[in-house]
> 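Sending over a structure as structure tokens; questions will come in a sec.
Residue numbers start from 1 in every chain, and the chains themselves are labelled A, B, ... in the order their sequence lines are given, proteins ahead of strands. Quantities reported herein were computed from a predicted structural model and do not represent experimental measurements.
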Protein chains: 2
Amino acid sequence: MDNWVSMLKMIVPEIEALLEKRYSILKTVSYNQPIGRRLLAERLVFGERVIRSEVDFLKSQQLLISDTTGVSLAPDGEILMLQLDGILHNFRGLESLETYLAEKVGLEKVYIVAGDVDKQSSNMREIGKKAGEFISKVVRDDWVVAVTGGTTMAEVACRIPISNSSQKVLVVPARGGLGEVVEIQSNAIAAVIAERLGGTYRLLYVPDYISEEVLENLLLDCKIQETISLAKNANLLLHGIGVPKIMAARRDIDWHMLLKQAKELPAGEAFGYYFADDGTVAATTPTVGPKLEDLTKLNMVVAVAAGKSKARAILAVLRAGFVKVLITDQGAAESIKEILEAEI
Amino acid sequence: MDNWVSMLKMIVPEIEALLEKRYSILKTVSYNQPIGRRLLAERLVFGERVIRSEVDFLKSQQLLISDTTGVSLAPDGEILMLQLDGILHNFRGLESLETYLAEKVGLEKVYIVAGDVDKQSSNMREIGKKAGEFISKVVRDDWVVAVTGGTTMAEVACRIPISNSSQKVLVVPARGGLGEVVEIQSNAIAAVIAERLGGTYRLLYVPDYISEEVLENLLLDCKIQETISLAKNANLLLHGIGVPKIMAARRDIDWHMLLKQAKELPAGEAFGYYFADDGTVAATTPTVGPKLEDLTKLNMVVAVAAGKSKARAILAVLRAGFVKVLITDQGAAESIKEILEAEI
DNA sequence: CTTAGAGGGACAAGATATGACCCGGAGGGG
DNA sequence: CCCCTCCGGGTCATATCTTGTCCCTCTAAG
């Protein structure tokens, strides 16, 4: 199947640009229908005339229809869009990238979404969608799902397809609060996910970054202990990956102090652990939630992180070895591949 | 897989023409390498400049190389050509045509080669190649293969890949001689096939069209009887299909006389049997070889016939019900499909 | 009624593809 | 040996298609 694509690209490479162009039009239309030519052209940065030619063509193919309110997807177009994602996934070489990364870093499965959230922040929606679909597909009744916080996870949460069948899923936060915005704290995210999956949730009323003494005291609390224990034995652990410098700032940790106490230069962060490029622990911050040794025991740890700027951080965390499934974007994935190839 | 193609054709139909163009160039080069631009242009009926642009492109793709003697296939090009046939087979819709005909007429398998021998007689080579490959793939040791005559069968015979492992295959003619040219008589063809398969052959020294009295006398002959008996129980029977009027002429039979004695209008001929459009026997000519009732007992009867002009004849013979595998070309196959659809 | 945004028409400028013709050189046949 | 043919490559005018721009009328919402 992959062979197919590479052969077509070899003998008729021009189709890729064409496919990409027409697909982007169809997709933009599907998101904004009905929409006019000019607006479409503006959004896609094509000339108005180009859009017009293409729209005319797509109309002739019965994929689009247009009336006085603008252009919309025709029934055939909607059917096509469902399948087209797969084709483009192949044409963009994402399928081979997925298997490449999975083999190279030792993951069970990698999902790559086209684009780069650094360049086009709206792409985060696609990441969330992919992750959301994955979760709702994989979650079983009676499962315990643990989640961390972060903007990425927040996006994932609200993209999980709403399940009408009420499951007995229990969602627990794997972290305390991150201080600032409520919507991206693991507590809030756990609640949203639970709601969408039709399950229940527990909260963890603990600040994420605390001194060790206070931490020990808190851990004596029964309820907190129970919640943490749930997270430690979760059937599915969903977490984001952070760039150390940015994460430290968010948690109000002095970066220079962290650097000093670090054994190696931190490249990626997850669960309060700072990992060096080779995946070893460079530094830790005292944190509520599962410890590193707990993570390695879990058999479904899913990392979600995207954007070229996170490539290094992702690779560092992956190399720690506890992640089983990675959901990322093209920008990050290609950058990771570059890093890997540069190392040889 | 088929879905794939239809979707690509829907959203980027221009690739088909491109594919077809470049494929035809690659193919022509592969047959005639090294070959010059002008000769190539002449043969493919494209403008010389067009060929030049395309050849330049294909060179940039490392599929072709050129030196002072002309253009040749590059190593990558040779590899590609092996797979490209399959892709074009799909793009041309031949795969779906094959399954359509197989289901509609009740065959085990249909092979369709692109083109139409009526328009481009050189296409007969492709038919022969396909049939030849099929035979060499399917034939097993100790098999008895029976063959008829005709130009098509002659082409098939000389396209069978030469086998160096000497098999114990026995090839027998399923018919007597057809009078005229020696090369297309079943005797000659049986010899060629046997040689190519690395097997042995028997000959049938009997004129194909004889009076019934003489026929009966001949059948008393031991050797002849044995050969015929072998053909009747062949593991593989390979035969052509004729258009009645032409066949009658070739056999020096008076067409008007045949018409008079026929119960219905003969549409197709095979083994001396003239079949009407619905597959019933319209007329017979006394002939050496297996009878109709023998044919139905065989479990691998392969018909090879191509060209739009033979469409009706092919369908008539297929409907007689003894054919299991058909090898034909696009011209005939599409025409047969038209006939079938017109009947509804 | 006004107005913003819709589709569609028209046309010139620009990019691209194509046709036509020429050139020097390599190789095969006389 | 030479000639003659066929090779790739160069060049350029022309045909063809693509693209940018501007204008028109219509419709639905405010």
Side-chain angles (χ1 to χ4, degrees), chain A residues 9-78, chain B residues 9 11-78 122:
Chain A
K9 276 165 83 168
M10 172 131 344
I11 195 170
V12 274
E14 38 270 90
I15 67 166
E16 197 179 359
L18 265 176
L19 242 185
E20 206 76 56
K21 180 162 58 167
R22 288 181 185 157
Y23 174 75
S24 70
I25 292 175
L26 285 171
K27 199 176 131 200
T28 311
V29 168
S30 81
Y31 280 153
N32 307 77
Q33 58 186 318
I35 185 176
R37 280 190 328 233
R38 294 140 214 271
L39 215 51
L40 208 51
E42 198 183 332
R43 202 165 292 217
L44 293 171
V45 205
F46 288 129
E48 178 202 325
R49 195 52 224 275
V50 178
I51 292 291
R52 194 152 147 197
S53 310
E54 292 301 332
V55 165
D56 282 346
F57 164 79
L58 291 169
K59 277 201 287 186
S60 78
Q61 295 291 103
Q62 314 239 311
L63 298 173
L64 293 180
I65 44 175
S66 77
D67 51 30
T68 61
T69 68
V71 186
S72 315
L73 275 187
D76 284 0
E78 293 190 32
Chain B
K9 276 165 84 167
I11 195 170
V12 274
E14 37 271 88
I15 67 165
E16 199 181 355
L18 265 176
L19 242 185
E20 206 75 56
K21 182 165 50 166
R22 290 182 184 156
Y23 173 76
S24 69
I25 292 174
L26 285 172
K27 199 175 129 203
T28 310
V29 169
S30 83
Y31 281 154
N32 307 77
Q33 57 186 318
I35 185 177
R37 285 189 325 234
R38 294 139 215 271
L39 214 53
L40 208 50
E42 196 186 333
R43 202 167 292 217
L44 294 170
V45 203
F46 288 127
E48 179 203 324
R49 197 50 223 276
V50 179
I51 292 292
R52 197 152 146 195
S53 310
E54 293 300 333
V55 166
D56 282 344
F57 164 79
L58 291 169
K59 277 201 287 185
S60 77
Q61 294 293 102
Q62 315 239 309
L63 298 174
L64 291 181
I65 43 175
S66 76
D67 51 28
T68 61
T69 67
V71 185
S72 315
L73 276 187
D76 284 2
E78 291 189 34
S122 64

> Taking the side chain as C-beta and beyond, is there a heavy-atom pair between A:Thr28 and A:Leu40 under 4.5 Å?
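Counting from C-beta outward, A:Thr28 and A:Leu40 do come under 4.5 Å.
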> Kindly indicate, with the supporting measurements, whether the criterion side-chain contact (heavy atoms from CB on, under 4.5 Å) is fulfilled by B:Ile11 and A:Gln61.
CA-CA 8 Å; B:Ile11 195 170; A:Gln61 295 291 103; over 6 Å; no
> Could you list where the contact with chain A starts and ends along DNA chain D, reading 5' to 3', using a 4.0 Å heavy-atom cut-off?
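That gives a stretch of D:dT19 to D:dT27.
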> Using the rule given for side-chain contact (heavy atoms from CB on, under 4.5 Å), can you reason through A:Glu14 versus B:Phe57, listing the C-alpha separation, both sets of side-chain angles and the distance that settles it, and then say yes or no?
CA-CA 11 Å; A:Glu14 38 270 90; B:Phe57 164 79; 4.2 Å; yes
> Report the residue from A:Arg37, A:Lys21, A:Lys59, A:Arg49 that forms a salt bridge (Lys or Arg N to Asp or Glu O under 4.0 Å) with A:Glu54.
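Running salt bridge (Lys or Arg N to Asp or Glu O under 4.0 Å) over A:Arg37, A:Lys21, A:Lys59, A:Arg49 with A:Glu54 returns exactly one hit, A:Lys21.
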> Distance check, rounded to the nearest 0.5 Å: A:Ser53 atom OG versus A:Phe46 atom CZ?
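Spacing of OG (A:Ser53) from CZ (A:Phe46) equals 12.0 Å.
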> Scan nucleotides 3-13 of chain C nucleotide by nucleotide, 5' to 3', and note B when protein non-hydrogen atoms come under 4.0 Å of the base, S if they reach only the sugar-phosphate, - if neither.
---SBBBBB--
> For a side chain to side chain contact (heavy atoms under 4.5 Å, CB included) with A:Val29, tell me which candidate from A:Leu63, A:Val55, A:Ile35 qualifies.
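That would be A:Ile35; it is the only one of A:Leu63, A:Val55, A:Ile35 passing the side chain to side chain contact (heavy atoms under 4.5 Å, CB included) with A:Val29.
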> Atom CD of residue position B:Gln62 - does it have more than 12 heavy atoms of other residues, nucleotides or ligands inside 6.0 Å?
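For B:Gln62, atom CD is not crowded (no more than 12 foreign heavy atoms under 6.0 Å).
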> If I compare all heavy atoms of A:Leu58 with all of A:Ile25, which pair ends up nearest, and what's the gap?
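Looking at all heavy atoms of both residues, the closest pair is CD1-CG2, 4.0 Å.
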> Quick check: do A:Asn32 and A:Arg43 have side-chain heavy atoms less than 4.5 Å from each other?
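They are in contact (side-chain heavy atoms under 4.5 Å apart), so the answer is yes.
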> Do B:Ile65 and B:Val71 come within less than 4.5 Å of each other through their side chains, counting heavy atoms only?
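No, side chains not in contact.
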> Using a 4.0 Å cut-off on heavy atoms, which residues in residues 18-31 of chain B reach DNA chain D? List them by number, or say none.
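Contacts with DNA chain D under 4.0 Å: none.
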